[in-house]
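For the numbers below, each heavy atom of this structure counts, side chains included, while hydrogens, waters and symmetry mates do not. The structure displayed is predicted, hence computed values, not measured ones. A note on names: the letters A, B, ... follow the listed sequences, proteins ahead of strands, and every chain is numbered from 1.
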There are 2 protein chains.
Amino acid sequence: MKTEILPKNENDALQKEIISKIRDYINYKNLEPGDKLPSERKLSESFEVSRSNVREAIQTLEYYGLLKSKPQSGTFVADIGSVALNGMITDILRLEKPDFKSLVETRILLELKTVRLAALRRTKEELKEIEEALEAYSKKVMNGEDAVQEDLLFHLAIAKASGNSTINTFMLTITPEIITNFAKYHVCDKNIAFIGIQEHRDIYEAIKNQDPQLAKEKMKVHFKMLYQYCYNIKD
Amino acid sequence: MKTEILPKNENDALQKEIISKIRDYINYKNLEPGDKLPSERKLSESFEVSRSNVREAIQTLEYYGLLKSKPQSGTFVADIGSVALNGMITDILRLEKPDFKSLVETRILLELKTVRLAALRRTKEELKEIEEALEAYSKKVMNGEDAVQEDLLFHLAIAKASGNSTINTFMLTITPEIITNFAKYHVCDKNIAFIGIQEHRDIYEAIKNQDPQLAKEKMKVHFKMLYQYCYNIKD
DNA sequence: CAAACCAATCTGGTTAACCAATTATAGTAT
DNA sequence: ATACTATAATTGGTTAACCAGATTGGTTTG
């Protein structure tokens with residue numbers, strides 16, 4: 001087989017094509033939950049692609065929980081019926097890269113929840129971690145330095161204290177993209193940062209006092225500017 | 001080097017160890033955004049693990065947006081400062097597998113948002129897709145068949161119509177796990193399903209009439225049982 | 001007749017060799 | 001001294017060979 005280096009976009013397109021072929025195969029053969037897929041070798045042969053490409057595609061579907069591969073045994077359809085499997089793969093193929101607005105919108109939604117949960121559930125240790133993140137942030141701002149990273153770490157500390165591992169994971173996945181875009185669009189410039197200290201402190205105090213309602217209110221205040229800012233950005 | 005097959009858990013542990021070593025290296029060398037990591041070969045040699053293990057670890061960090069590898073060039077630190085990078089890798093290493101309650105809690109949060117957004121933003125095409133999902137669900141229930149899959153696809157259709165690609169992705173990632181656990185805990189048994197038809201129809205109508213507040217209310221009603229059910233499950 | 005055993009085969013995972021694009025280096029001409 | 005070019009080394013990606021555990025079918029044994 002001929003070696004060929006593909007640009008990342010085409011590589012993604014290839015992987016999507018393979019995923020789509022796997023879906024077609026599952027449909028054609030009417031595979032049920034727990035059924036075994038053909039081996040990676042056979043798939044790569046019948047799809048006329050390399051085995052590593054097939055492996056990548058399988059890994060992606062495994063990430064979404066649709067397949068499950070067992071060492072020295074085979075790759076199996078997850079405990080999901082063919083209807084859901086089919087619909088979900090179709091959805092995955094259509095997924096587009098998240099835009100900035102959708103990221104911010106989601107972040108606000110998640111954080112209004114985490115801050116309430118953190119106020120309800122935080123342990124003493126988690127509270128201390130939040131406090132430390134707050135101090136690190138304040139120190140930077142007082143020195144006139146850029147503190148976008150410390151800002152985000154404060155919010156991540158709250159997410160960790162929410163006791164909801166799913167939301168925590170989601171927050172982690174969107175944070176880098178947010179940081180990048182913040183720098184790009186010059187959100188959160190230094191003039192805003194000074195106000196940010198007090199806002200952060202208010203949030204911290206509400207969590208400390210285990211007042212979920214107040215915590216949410218303070219977080220809303222904190223997001224108000226961000227909200228306005230982001231909805232004014234050109235696409 | 002000796003070939004050794006590892007159980008999945010140990011493999012995960014190994015990957016975490018490698019990730020942690022990458023973090024340490026970045027700290028030790030004070031790598032800034034855009035700086036280049038040593039080549040995969042050098043890393044695998046200095047960590048005394050195979051190159052494919054290193055590649056896996058890098059891919060994971062790439063998924064979280066912390067690294068960026070360019071073909072025939074190198075692997076680079078993303079446009080994130082070392083503080084955030086360090087904090088986030090530490091968080092990632094601590095991540096635990098999501099529990100069922102956290103999944104349901106998150107799903108409810110996300111869906112109360114998607115249903116409102118869908119009522120505001122849905123196109124005619126998206127509305128039609130929701131309707132088709134609703135019909136497929138109703139038909140199954142009327143025939144006395146299990147309709148968990150069609151149920152979830154209805155909700156995914158709403159997520160798609162929300163116009164928020166981030167939330168849409170999140171919904172896709174948690175759905176398989178939810179389906180599996182539903183089957184495991186016998187949530188949504190047939191006796192509930194008949195009520196479900198009307199509840200789904202109410203939600204659909206609210207979205208059709210572009211009434212976000214009503215849509216949210218109806219979704220809340222729909223989740224009421226689920227909510228109670230899930231918080232009574234033993235851990 | 002059923003259970004236990006064994007060897008051939010098949011599997012996903014791992015390793016090592018290979019590829020071509022990129023980057024660094026040395027040399028040459030201006 | 002500088003700008004440009006050719007060449008060698010380096011890189012992430014790809015392919016193919018290899019590994020050992022799992023499966024399977026047939027045979028033996030109680």
So, using side chain to side chain donor-acceptor pair (under 3.5 Å) as the criterion, who are the partners of [X] when residues are at least two apart?
X	value
A/Arg51	A/Glu40
A/Ser162	none
B/Asn164	A/Ser102, A/Glu105, A/Thr106
B/Ser20	none

Rounded distance (Å) that lies between atom [atom2] of [N] and atom [atom1] of [X]:
X	N	atom1	atom2	result
A/Leu43	C/dC10	CG	P	16 Å
B/Phe76	C/dT22	CZ	P	12 Å
B/Ile58	D/dG13	CD1	C1'	12 Å
B/Leu14	C/dT14	CG	C1'	12 Å
A/Glu56	D/dG12	CD	P	16 Å
B/Arg51	C/dC19	CZ	C1'	11 Å
A/Asn53	D/dA16	CG	P	12 Å
A/Leu61	C/dG12	CG	C1'	16 Å

Are OP1 or OP2 of D/dG13 and a side-chain N or O of B/Arg55 less than 4.0 angstrom apart?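 Checking D/dG13 against B/Arg55, a side-chain N or O does come within under 4.0 Å of OP1 or OP2.
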Inset, instruction - Indicate whether OP1 or OP2 belonging to C/dT15 is found under 4.0 Å from a side-chain N or O atom of B/Ser50. - result: yes
>> Are more than 12 heavy atoms, taken from residues, nucleotides or ligands other than A/Glu135, located less than 6.0 Å from that residue's CD atom?
In response: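 Counting neighbours around CD of A/Glu135, more than 12 heavy atoms of other residues, nucleotides or ligands fall under 6.0 Å, so yes.
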Overall bend of the helix from C/dC1-D/dG30 to C/dT30-D/dA1 (five pairs an end, 10° steps) is 10°
Which residues satisfy the salt bridge (Lys or Arg N to Asp or Glu O under 4.0 Å) test with B/Arg107, sequence neighbours excluded?
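B/Arg107 satisfies salt bridge (Lys or Arg N to Asp or Glu O under 4.0 Å) with B/Glu111 once adjacent residues are dropped.
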| field | Within residues 20-29 of chain B or reaching into it, pairs that qualify as salt bridge (charged side-chain N to carboxylate O under 4.0 Å, His left out) - sequence neighbours excluded | value |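 Residue pairs passing salt bridge (charged side-chain N to carboxylate O under 4.0 Å, His left out), neighbours aside: B/Glu17-B/Lys21.
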In this structure, is the centre-to-centre distance between the rings of B/Phe170 and A/Phe170 below 6.0 Å?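 Close enough - the centres of the two rings lie under 6.0 Å apart.
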For nucleotides 8-11 of chain D, list the nitrogen or oxygen atoms of the protein found under 3.5 Å from its nitrogen or oxygen atoms, one pair per line.
unit_1	atom_1	unit_2	atom_2	d
D/dT11	OP2	B/Ser39	OG	3.4

| request: For residues 58-83 of chain A, pull every pair meeting ring-ring contact (aromatic ring centres under 6.0 Å, His included), keeping only residues two or more places apart or in separate chains. | output: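 Passing the test, one end in residues 58-83 of chain A: A/Tyr63-B/Tyr63.
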